[in-house]
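Proteins come first, then strands; the chains are lettered A, B, ... in the order of their sequence lines, and each starts at number 1.
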There are 2 protein chains.
Amino acid sequence: MPDTAPAPPSPLGIAVPHRELLDQLFDKWSPQVLELLCDSPLRFSELRRSMPAVTAKSLTATLRRLERNGIVERLIVSSRPVAVEYRITPLGKTLREPIDVLLEWIGTHMAGVESARARFDREEVTG
Amino acid sequence: MPDTAPAPPSPLGIAVPHRELLDQLFDKWSPQVLELLCDSPLRFSELRRSMPAVTAKSLTATLRRLERNGIVERLIVSSRPVAVEYRITPLGKTLREPIDVLLEWIGTHMAGVESARARFDREEVTG
DNA sequence: CGGCATCCTGGAGGATACTG
DNA sequence: CAGTATCCTCCAGGATGCCG
């Protein structure tokens, strides 16, 4: 089994596929979808109800990308009326840890970031 | 340890400032800049040399955003000729952990993602 | 050397309407 | 219900040129 990449965690600038994946994981709606599906499988319309700001087109695109990356899976539950269920895959579940670590960082340091912003903006105006 | 739903640290969809920060931390060049500055402070031109693909304008914008968020700091080392040094802040250093966790996830699961992609693309064509 | 100012383009994502 | 089909907008980021 080519279980590749044992340790060195940082070909950040070079690794184009890594960038692409990163972009998809942190695109506009994926994090929220992941969060919702983490709790339980949901149907398309249930996702829409939970995300009032997203359009059908964008949600579809988001789900397709996640599905393509193996993060989410799409199951047709019944036809007429069509019912489709989205659920997180085992691979997708493993994403929770890194995402939660990131969210914890934000939770811990957001205040610091915001005061830095305030200082920066103030000095910009003041000179 | 909890068997289900350990801790919900996740106002992901709602928290707009979180999104904004997330977008800036994972924009096109910030991760690479962070990685480079993590090792040692660098001057603008040194960063450019290390990042052949970035334009001056984009690098400047990236650094300004990072500076505004308190992740990086900008010091004028000398004038005539102008020399400016960028270095990571203590706040910025704390970002390494979440980023490394993410990179490790990618390192570990990229193969799985790619095989999922291959399967998806194949099935799309086939049927 | 370390930038701005300007112009331009690609592609994500919204609005709206339609369909199997 | 779960999408597709168009059209349109916005803006990150590239290209180029100038400047203190």
Quiz item: Has the side chain of A:K57 got a donor or acceptor that lies under 3.5 Å from a partner of the other kind on the base of C:dG14?
Solution: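 Pair found.
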Quiz item: How is A:V84 classified with respect to the nucleic acid when contacts are heavy atoms under 4.0 Å: base, sugar-phosphate, or nothing?
Solution: sugar-phosphate
Practice problem: Could you tell me whether B:R43 contacts a base, only the sugar-phosphate backbone, or nothing, with contacts defined as non-hydrogen atoms closer than 4.0 Å? | Solution: sugar-phosphate
Within the pair [X] and [N], is there a side-chain N or O less than 4.0 Å away from OP1 or OP2?
| X | N | result |
| --- | --- | --- |
| A:Y86 | D:dG3 | yes |
| A:T60 | D:dG3 | no |
| A:R64 | D:dT4 | yes |
| A:S45 | D:dA2 | yes |
| A:T55 | C:dG14 | yes |
| B:R74 | C:dG3 | yes |

Quiz item: How do A:D27 and B:P81 order along DNA chain C: which one's closest nucleotide is nearer the 5' end?
Solution: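 Whichever sits nearer the 5' end wins; that is B:P81.
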Quiz prompt | Closest-nucleotide 5' rank along DNA chain C - winner of A:T62 and B:V82 | solution =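 By nearest-heavy-atom nucleotide position, the 5'-most residue is B:V82.
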Return the value, rounded to whole Å, for the distance between atom [atom1] of [X] and atom [atom2] of [N].
| X | N | atom1 | atom2 | value |
| --- | --- | --- | --- | --- |
| B:R19 | D:dC11 | CZ | P | 16 Å |
| B:L42 | C:dG3 | CG | P | 13 Å |
| B:R80 | C:dG3 | CZ | P | 17 Å |
| B:D23 | D:dC10 | CG | C1' | 14 Å |
| B:R48 | C:dC4 | CZ | C1' | 13 Å |
| B:L59 | C:dC1 | CG | C1' | 13 Å |

Quiz item: Do NZ/NE/NH1/NH2 and the carboxylate oxygens of A:R65 and A:E67 come within less than 4.0 Å?
Solution: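 Answer for the salt bridge query: no.
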Main chain of [Y], side chain of [X]: is a donor-acceptor contact present, judged purely on distance under 3.5 Å?
| X | Y | value |
| --- | --- | --- |
| B:T89 | B:G70 | yes |
| B:T62 | B:S30 | no |
| B:D27 | B:D23 | no |

Practice problem: Report the residue (A:A83 or B:R65) whose heavy-atom-nearest nucleotide on DNA chain D is the more 5′ of the two. | Solution: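 The residue closer to the strand's 5' end, by nearest nucleotide, is A:A83.
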Self-check item: Modelled atom types, side-chain donor and acceptor of B:S58 and B:W29, under 3.5 Å
Solution: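 Looking only at side-chain atoms, B:W29 and B:S58 do not form any donor-acceptor pair under 3.5 Å.
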Quiz item: Which nucleotide sits closest to the side chain of A:S58: D:dG13, D:dA2, C:dG14?
Solution: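 The answer is C:dG14, which lies nearest to the side chain.
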Quiz item: Which listed nucleotide (D:dG20, C:dG3, C:dG14) is nearest to the side chain of A:K28?
Solution: C:dG14
